[in-house]
Undergrad: 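The structure that follows is given in the form of structure tokens.
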Number of protein chains: 2
Amino acid sequence: MNHGTMNRCFGAILKELGLKETPKRRAILEILAEQQGFLSPEEIWHALRVRFETIGLPTVYRNLEELAAGGVISTIIHPSRQLYYYFCRGESGHHHHFICTSCRRVEDIPECTAATMEGDIATRTGGKITSHIVQFNGLCHRCLVEEEGRTA
Amino acid sequence: MNHGTMNRCFGAILKELGLKETPKRRAILEILAEQQGFLSPEEIWHALRVRFETIGLPTVYRNLEELAAGGVISTIIHPSRQLYYYFCRGESGHHHHFICTSCRRVEDIPECTAATMEGDIATRTGGKITSHIVQFNGLCHRCLVEEEGRTA
DNA sequence: TAACAAAGGAAAACGATTTCTTTTTAGTTT
DNA sequence: AAACTAAAAAGAAATCGTTTTCCTTTGTTA
């Protein structure tokens, strides 16, 4: 999927979620899609201010939350507790992430062991699982090699 | 382990972590240990204000963070994004949780599938995993039954 | 193009954290 | 056992990041 195709897709994606297609909403998706790693709401806001004279931080937070709720983008749970968002171009269904805390690259983890665990837990406890959080944090291959180069 | 034994343990626990044994620190552990579910920093603060004339919220946050870093208590990642803490009396080693978003009960999940997944991911990506987050959210057996009773 | 629902802006509120200074504590020394 | 000292903890206020509220503007559908 090239850049042009992707941008034309955004409208359809938003419509499916029952969200109106506004220029700002589309811009948020574009900014995230251009990026290979995850971004903070404030970083996205800075990028938006280049294109729009008036754009408030609450608008950015609101949109990111809606898009994440709709599954178009993913929330990254950073160890620093700062909030980040990521546009997944690989896996489209349910999956998890391995994030690099150094360069912010994200790798998809397609196999969801959590799904099978959910059944086990529900059976054992008699409860019902509505959601789960699974994320792996560390250093990607490149950052690991780089770090080893410095310490060697 | 009864109440008295538990309280006498707290001093040793704190010493192991290199933390000084202060009345407030001990009280935070006591308050969390008395509770079967998870508590918010502010709720803990309210409970502390009954015992201490002066106790600031920052003190509570600091202590909770230190205790969580030391592994004495666990951080609960609530879907609402509010921060919660929980004192694990069951499993002492590495494990995960199934939390009830209704009544705040917590069930330990001893088997850590994540540990084996870490190896797979590290091998496949060539990176290094430093931490992971695994948590299951839902309704415990009691709350599920209660809910079914209302809708039936 | 009118009508309605949803989205956006501004300001305020809220939750969590940092900074800086004072107080308290644990371990040592009289 | 009482006093001393270095390190850690606590308080107050400010700050940062995130969210809510309320009112105006915009996008969608008929």
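Chain identifiers are assigned alphabetically (A, B, ...) following the order of the sequence lines, protein sequences preceding nucleic acid strands; residue numbering begins at 1 within each chain.
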Undergrad: Please determine, for the side chain of A:T22, which listed nucleotide (D:dG11, C:dA16, C:dG8) has the closest atom?
TA: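 Nearest to the side-chain atoms of A:T22, counting from C-beta on, is C:dG8.
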Undergrad: For B:K24, is the NZ atom crowded, meaning more than 12 foreign heavy atoms sit under 6.0 Å from it?
TA: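 Buried by this count: over 12 neighbours within 6.0 Å.
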Undergrad: Is the distance from OP1 or OP2 of D:dT18 to the nearest side-chain N or O of A:Y61 less than 4.0 Å?
TA: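 Answer is yes, contact under 4.0 Å.
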Undergrad: Can you identify which nucleotide, out of C:dT25, C:dA7, D:dT18, has its nearest atom closest to the A:Q82 side chain?
TA: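 Nearest listed nucleotide: D:dT18.
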Undergrad: Could you tell me how far apart B:K20 (NZ) and C:dT23 (C1') are, to the nearest whole angstrom?
TA: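 Between C1' of C:dT23 and NZ of B:K20: 11 Å.
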Undergrad: Around atom CZ of B:R142, are there more than 12 heavy atoms from other residues, nucleotides or ligands closer than 6.0 Å?
TA: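 No, because the 6.0 Å sphere around CZ of B:R142 holds 12 heavy atoms or fewer from other groups.
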Undergrad: What orientation do B:H97 and B:Y86 show, parallel under 30°, tilted 30 to 60°, or perpendicular over 60°?
TA: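 Because their plane-to-plane angle is over 60°, the rings of B:H97 and B:Y86 count as perpendicular.
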Undergrad: Which nucleotide, C:dG8, C:dG15, D:dT18, lies nearest any side-chain atom of A:T59?
TA: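 Among C:dG8, C:dG15, D:dT18, the one nearest the side chain of A:T59 is C:dG8.
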Undergrad: Mind checking B:L57 for me? I need base, sugar-phosphate or nothing, with any heavy atom below 4.0 Å counting as a touch.
TA: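 Contact class for B:L57: none.
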Undergrad: Can you check whether B:H96 reaches B:Q135 side chain to side chain, under 4.5 Å on heavy atoms?
TA: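 In short, these two side chains do not touch, never coming nearer than 4.5 Å.
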Undergrad: Between C1' on D:dT28 and CZ on A:R25, what's the gap in Å once rounded to a whole number?
TA: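 From A:R25 CZ to D:dT28 C1': 12 Å.
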Undergrad: Kindly indicate whether the side chain of A:R62 and the base of C:dG9 share any N or O donor-acceptor pair separated by less than 3.5 Å?
TA: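 Result: at least one qualifying N/O pair found.
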Undergrad: Would you kindly give the CG-to-P distance between B:L19 and C:dT24, to the nearest whole Å?
TA: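 Distance check: B:L19 CG to C:dT24 P gives 19 Å.
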Undergrad: For the pair made of CG in A:L64 and P in D:dG17, what is the distance, rounded to whole Å?
TA: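 It works out to 15 Å between those atoms.
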Undergrad: Could you pick out which residue, B:R81 or B:T54, lies toward the 5' side of DNA chain D when each is mapped onto its nearest nucleotide?
TA: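 So the residue in question is B:T54.
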Undergrad: Atom CZ of B:F52 and atom P of C:dT24: how far apart are they, to the nearest Å?
TA: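 Between P of C:dT24 and CZ of B:F52: 13 Å.
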Undergrad: Nearest whole angstrom, please: distance from the C1' of C:dA10 to the CD of A:E53.
TA: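 Rounded to whole Å, this separation is 17 Å.
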Undergrad: If you take atom types as modelled and just measure distance, does the side chain of B:K24 reach the base of D:dA10 with a donor-acceptor pair under 3.5 Å?
TA: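 Answer no: no donor N or O sits under 3.5 Å from an acceptor.
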Undergrad: Of the nucleotides D:dA7, C:dA7, C:dA10, which one has an atom closest to the side chain of A:P58?
TA: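 My answer, after comparing the listed nucleotides, is C:dA10.
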Undergrad: Given C:dT17, C:dT25, C:dG15, identify the nucleotide with an atom nearest to the side chain of B:E42.
TA: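 My answer, after comparing the listed nucleotides, is C:dG15.
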Undergrad: Evaluate the criterion salt bridge (Lys or Arg N to Asp or Glu O under 4.0 Å) for residue pair A:E21 and A:K15; output intermediate values, then yes/no.
TA: CA-CA 7 Å; A:E21 189 189 345; A:K15 200 160 268 178; 5.5 Å; no
Undergrad: Reading DNA chain C from 5' onward, which residue's closest nucleotide shows up sooner: B:S40 or B:K15?
TA: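 Its nearest nucleotide lies further toward 5', so the answer is B:S40.
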Undergrad: Figure out the OH/P separation between A:Y85 and D:dG17, and round it to whole Å.
TA: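 Answer to the nearest Å: 15 Å.
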Undergrad: Taking CZ from B:R51 and P from D:dA10, how many angstroms apart are they, rounded to a whole number?
TA: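 After rounding, the reported distance stands at 14 Å.
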